[in-house]
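For reference, the structure is listed below as structure tokens.
The analysis underlying the following values was restricted to heavy atoms, covering all of them including side chains, and did not include hydrogens, waters or symmetry mates.
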Amino acid sequence: MCIFCKIAKKEEKAYVVYENERAMAFLDINPLSKGHTLVIPKEHYENILQVPSDIAKDLHEAIKAVCEKLKVFNPDGFNIVSNIGRQAGQVIMHAHIHVIPRYKDEEGKPISFGKPIKVDLEEVYKALV
Ligand code: AMP
Ligand code: ZN
């Protein structure tokens, strides 16, 4: 069983700050900012693309509730991010969404986004529609 499944079943310790029927939120053990929280489905799915839409609704409720709770730290913004696949930096293969409160005294840049690349938008667009 994966580590986040164990946390969901309360078999592994975590600082759980919110839960509803199918989602749970707990503090990230290596926080990128004060209050960095992870929101997970209690059931195991490898990433958020695998999560059925009705369960995603509970994840969304959890994200909103967590952001509301984090207001106690007076954040000035949030990054809400989900890494999908190892190339994107996913390390724990149980779907999770990072909720990262951001504060004025930080640099104020997006989390881990690289520089824009040169690409033919016309060609990309045609491949997608
Ligand atoms: P990702 O790179 O998107 O897979 O992120 C995994 C996140 O899970 C990292 O930010 C870790 O710090 C965090 N993490 C790993 N193990 C635990 C744990 N036992 N409790 C809380 N957070 C964890
Ligand atoms: Zn799992």
Worksheet entry | salt bridge (charged side-chain N to carboxylate O under 4.0 Å, His left out) evaluation trace for K64 with E61 | CA-CA 5 Å; K64 289 194 289 183; E61 286 302 321; 3.8 Å; yes
Worksheet entry | Counterpart residues, side-chain contact (heavy atoms from CB on, under 4.5 Å), relative to D105 (two or more places apart) |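 With neighbours one apart ignored, the set is Y103.
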Fill in: ILVMFWY cluster, V39 and V81 together (side-chain gap under 4.5 Å)
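Per the 4.5 Å side-chain linkage, V39 and V81 are not co-clustered.
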Worksheet item: Do I84 and I92 belong to the same hydrophobic cluster, where Ile, Leu, Val, Met, Phe, Trp and Tyr are linked whenever their side-chain heavy atoms lie under 4.5 Å apart, directly or via other members?
Response: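 Per the 4.5 Å side-chain linkage, I84 and I92 are not co-clustered.
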Worksheet item: For Q87, does the CD atom have more than 12 heavy-atom neighbours from other residues, nucleotides or ligands under 6.0 Å away?
Response: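 Count not over threshold, so no.
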Practice prompt. Would you indicate whether L121, at its atom CG, is surrounded by more than 12 heavy atoms from other residues, nucleotides or ligands within a distance under 6.0 Å?
Written response: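 It does not: L121 CG has 12 such atoms or fewer within range.
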Could you pull out the closest heavy-atom pair between [X] and [Y], with the gap in Å?
X: G35; Y: T37; value: O-OG1, 2.6 Å
X: F78; Y: C67; value: CZ-O, 3.6 Å
X: H96; Y: L38; value: CD2-CD2, 4.1 Å

Practice prompt. Quick one: list whatever passes salt bridge (charged side-chain N to carboxylate O under 4.0 Å, His left out) with R102, sequence neighbours left out.
Written response: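 Checked R102 against salt bridge (charged side-chain N to carboxylate O under 4.0 Å, His left out); matches are E106.
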Item to complete: Take N79 and S33 through the test side-chain contact (heavy atoms from CB on, under 4.5 Å) and record every step on the way to the result.
Response: CA-CA 10 Å; N79 290 106; S33 73; over 6 Å; no
Discussion item. Could you go through S82 and N47, starting from their C-alpha distance and side-chain angles, then the distance that decides it, and tell me whether this counts as side-chain contact (heavy atoms from CB on, under 4.5 Å)?
Written reply: CA-CA 8 Å; S82 193; N47 62 55; over 6 Å; no
Discussion item. Using modelled atom types and a 3.5 Å cut-off, is there a donor and acceptor pairing between side-chain atoms of K6 and backbone atoms of K13?
Written reply: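 No; judged by distance alone, with no hydrogens or angles, the pair does not exist.
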Item to complete: Might you work through the side-chain contact (heavy atoms from CB on, under 4.5 Å) test for E19 and K10, ending with a clear yes or no?
Response: CA-CA 12 Å; E19 66 181 301; K10 312 244 164 93; 2.7 Å; yes
Item to complete: Take E46 and M93 through the test side-chain contact (heavy atoms from CB on, under 4.5 Å) and record every step on the way to the result.
Response: CA-CA 5 Å; E46 188 167 313; M93 293 299 158; 4.3 Å; yes
Fill in: Inter- and intrachain pairs under ring-ring contact (aromatic ring centres under 6.0 Å, His included), touching residues 21-55, at least two apart
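Checked against ring-ring contact (aromatic ring centres under 6.0 Å, His included) - neighbours excluded - the pairs reaching residues 21-55 are F4-F26, H36-H98, H44-H94.
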